[in-house]
Amino acid sequence: MSLSQQVFDAGIVGAGGAGFPTYKKLSSEVDLLVVNGAECEPLLAADRYLMRVDAASVVAGIRAVMDACGIPRAVIGTKAHYAREIAALEEAIAACGADIPIHRLDSFYPAGDEQVLIYEITGRTVPPGGIPLDLRIVVMNVATLGQVAAATQGTPVTRRLVTVTGEVASPTIVDAPIGTSAADLVAAAGGATTSPYVIVRGGPMMGHHHPMSAASTLGYGKADGGLIVLPASHPLVAFVGKPLERLLAETKSMCIQCRMCTDLCPRYLIGHTMRPHRVMRTLQTGVDTESLTDALLCCECGICELYACPMGLSPRRMNIYAKGLLRAQGIGVTDKTVHVDQTSERDYRHIPQQRFIDRLQLSAYPTGIDAFVRLEPEVVRLPTKHGVGVPARPCVAVGDRVELGAVVAEVTFGEVGAPVHASLAGRITEVGPDHITIQRTQHEGGAS
């Protein structure tokens with residue numbers, strides 16, 4: 001069986017956040033595999049933990065992809081201050097006699113963005129609107145590669161590591177079944193230490209905010225690596241909660257065209273025509289609408305709104321708004337020009353990650369976590385869509401009993417999507433439009 005089929009059957013999607021079906025990345029037309037161990041978002045530490053405790057699985061996954069796709073070279077990109085993680089990776093590489101160099105990055109945000117990582121390692125820019133394969137490069141997260149190694153042994157994705165931090169009693173790396181609720185994850189970290197609170201699903205820069213009331217029904221998926229508990233009164237919560245109408249009004253009345261959002265934009269600094277200040281100006285004036293197309297290149301990292309803007313505006317949300325307008329009209333990226341002259345200042349415009357943490361008033365929370373819990377919840381709520389692509393189609397009904405690892409939702413090989421597997425043995429109690437709920441059953445005498 002091909003590796004592509006094994007990876008598809010295992011239901012692997014990119015574990016770094018976007019959730020792109022991994023089997024679609026397995027191509028023979030690749031010269032370089034870039035391994036992303038830079039953990040982009042502040043406060044998240046699950047990838048670091050994996051590299052420390054199971055570097056061998058990461059290296060095994062790298063070798064499997066290289067061998068199956070005939071990729072001649074791989075490079076691991078991680079942060080230079082990850083000393084223990086680098087030591088573990090080097091030991092695993094030496095143990096199997098591989099030749100996989102480690103590229104050490106400064107600790108800046110967003111070092112883990114795949115296009116920034118490619119530039120840091122190769123000095124090359126992915127064309128605007130393009131993908132790494134345009135440069136014959138494929139990027140995979142370390143957790144994804146660990147899952148690839150497991151797939152070669154016939155093991156599907158039923159669990160993942162989640163960083164649970166913020167206002168919890170004991171910030172912890174939790175090994176949890178897919179579909180574990182936010183409430184169970186918070187409980188695994190000793191419970192919340194504040195109330196009311198907000199759940200940030202993901203990292204502080206790009207994560208989605210959910211109210212405390214959603215904790216019991218918010219099931220974590222294959223691409224969800226972080227849970228941050230913040231007080232409902234936290235400034236970040238207030239900023240993210242601003243309605244679109246207010247943001248548009250603030251843009252029209254307050255943007256001073258200082259262009260700090262552009263000067264610090266990571267896409268602009270690798271040569272893309274991504275100029276948030278021009279998008280803001282167009283939304284202010286309604287003229288030069290062609291500049292709105294810059295928004296299509298926004299990676300939504302949040303630097304412009306959470307760090308750069310001196311007026312406290314939200315260029316990111318305005319870019320997202322403009323993207324929606326353009327896509328509704330069928331307008332896409334047409335200008336593929338890379339402006340090399342824009343890259344000359346980027347080394348001086350790297351923003352240290354700790355500075356972000358301080359700016360966002362998150363410095364009370366740890367940036368490295370060693371505590372670990374393996375969680376076995378009684379109920380999981382499995383999302384049928386785990387990122388980019390089509391949702392999987394349920395193939396079970398309420399009342400069915402399923403074993404751990406059984407397929408409960410399907411996609412067809414060739415589709416942009418991934419099947420979903422039962423993350424615990426139990427009974428199907430709900431089949432919804434976007435999720436499947438499984439209640440654990442107790443085994444007695446070998447029967448459930």
Side-chain angles (χ1 to χ4, degrees), residues 17 41-46 160-221 223-250 300-302 305-307 309 312-314 316-317 320 356-369 371 373 375-383 430 432 434-435 437:
E41 285 267 19
L43 302 186
L44 301 193
R160 73 152 297 147
L161 298 177
V162 182
T163 305
V164 183
T165 189
E167 293 293 334
V168 293
S170 177
T172 304
I173 304 299
V174 181
D175 179 356
I178 304 301
T180 297
S181 71
D184 283 338
L185 289 167
V186 171
T193 57
T194 188
S195 182
Y197 62 80
V198 167
I199 297 161
V200 182
R201 185 181 194 170
M205 299 295 288
M206 301 177 70
H208 296 281
H209 290 216
H210 300 270
M212 178 177 164
S213 59
S216 61
T217 57
L218 183 61
Y220 264 56
D224 297 324
L227 187 160
I228 303 171
V229 174
L230 292 179
S233 59
H234 194 279
L236 181 60
V237 174
F239 183 83
V240 171
K242 285 185 181 181
L244 177 63
E245 294 76 14
R246 178 176 170 183
L247 295 174
L248 280 166
E250 289 178 348
E300 302 176 21
C301 69
E305 65 182 16
L306 294 173
Y307 189 88
C309 182
L313 304 180
S314 185
R316 170 173 57 177
R317 289 275 296 278
I320 294 171
F356 266 110
I357 292 170
D358 295 340
R359 178 72 66 88
L360 297 178
Q361 300 183 40
L362 301 173
S363 54
Y365 311 130
T367 56
I369 299 173
V373 171
L375 183 60
E376 299 293 351
E378 292 301 310
V379 178
V380 293
R381 188 179 173 93
L382 291 164
E430 185 182 13
D434 58 2
H435 67 276
T437 302

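For the numbers below, each heavy atom of this structure counts, side chains included, while hydrogens, waters and symmetry mates do not.
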- Query: Is the side chain of Thr163 donor-acceptor paired with the backbone N or O of Ala46 at a distance under 3.5 Å, no angle test?
  - Reply: yes

How about Pro42 and Met205: do any of their side-chain heavy atoms sit closer than 4.5 Å?
yes

When every non-hydrogen atom of Arg317 is compared with those of Leu244, the smallest separation belongs to NH2-N, 3.6 Å

Per side-chain contact (heavy atoms from CB on, under 4.5 Å), Leu185 is matched among Thr172, Val229, Val164, Val373 by Val164

Smallest heavy-atom separation, His234 atom then Gln361 atom, equals NE2-O, 3.0 Å

Closest heavy-atom pair, Ser181 versus Ser216, reported as atoms and distance to 0.1 Å, is CB-O, 3.6 Å

Distance col, row Thr165:OG1 vs Leu44:CG, nearest 0.5 angstrom, shows 8.5 Å

_Any non-hydrogen side-chain atom of Asp184 less than 4.5 Å from a side-chain atom of Val379?_
no

Inset, instruction - Check whether any side-chain heavy atom of Thr217 sits under 4.5 Å from a side-chain heavy atom of His435, and report yes or no. - result: no

- request: Indicate yes or no: at least one non-hydrogen side-chain atom of Arg359 is less than 4.5 angstrom from one of Leu306.
  value: no

dist Leu43:CG -> Leu227:CG (nearest 0.5 Å) comes out at 12.0 Å

Value for CG (Leu230) from CE (Met212), rounded to nearest 0.5 Å, stands at 13.5 Å

On a heavy-atom basis, the closest approach of Asp358 and Ser363 is OD1-CB, 3.4 Å

Would you find a donor on one side and an acceptor on the other, under 3.5 Å apart, between the side chain of Arg381 and the backbone of Thr437?
no

- Task: Ignoring hydrogens and angles, tell me if any N or O in the side chain of Tyr307 forms a donor-acceptor pair with the backbone of Leu360 under 3.5 Å.
- Result: no

Note: Met206 and Glu41 closest approach over all heavy atoms is N-OE2, 2.7 Å

I'd like a table of donor-acceptor pairs (distance under 3.5 Å, sequence neighbours excluded) in which one partner is a side-chain atom from residues 191-204, with atom names and distances.
{"residue": "Thr193", "atom": "OG1", "partner": "Glu167", "partner atom": "O", "Å": "3.3"}
{"residue": "Thr193", "atom": "OG1", "partner": "Glu167", "partner atom": "OE1", "Å": "3.1"}
{"residue": "Arg201", "atom": "NE", "partner": "Asp224", "partner atom": "OD2", "Å": "3.1"}
{"residue": "Arg201", "atom": "NH2", "partner": "Gly219", "partner atom": "O", "Å": "2.6"}
{"residue": "Arg201", "atom": "NH2", "partner": "Asp224", "partner atom": "OD2", "Å": "3.0"}

d(Asp434 CG, Leu382 CG) to nearest 0.5 Å is 11.5 Å

What one should report as the nearest heavy-atom pair of Phe239 and Gly312 is CE1-O, 3.3 Å

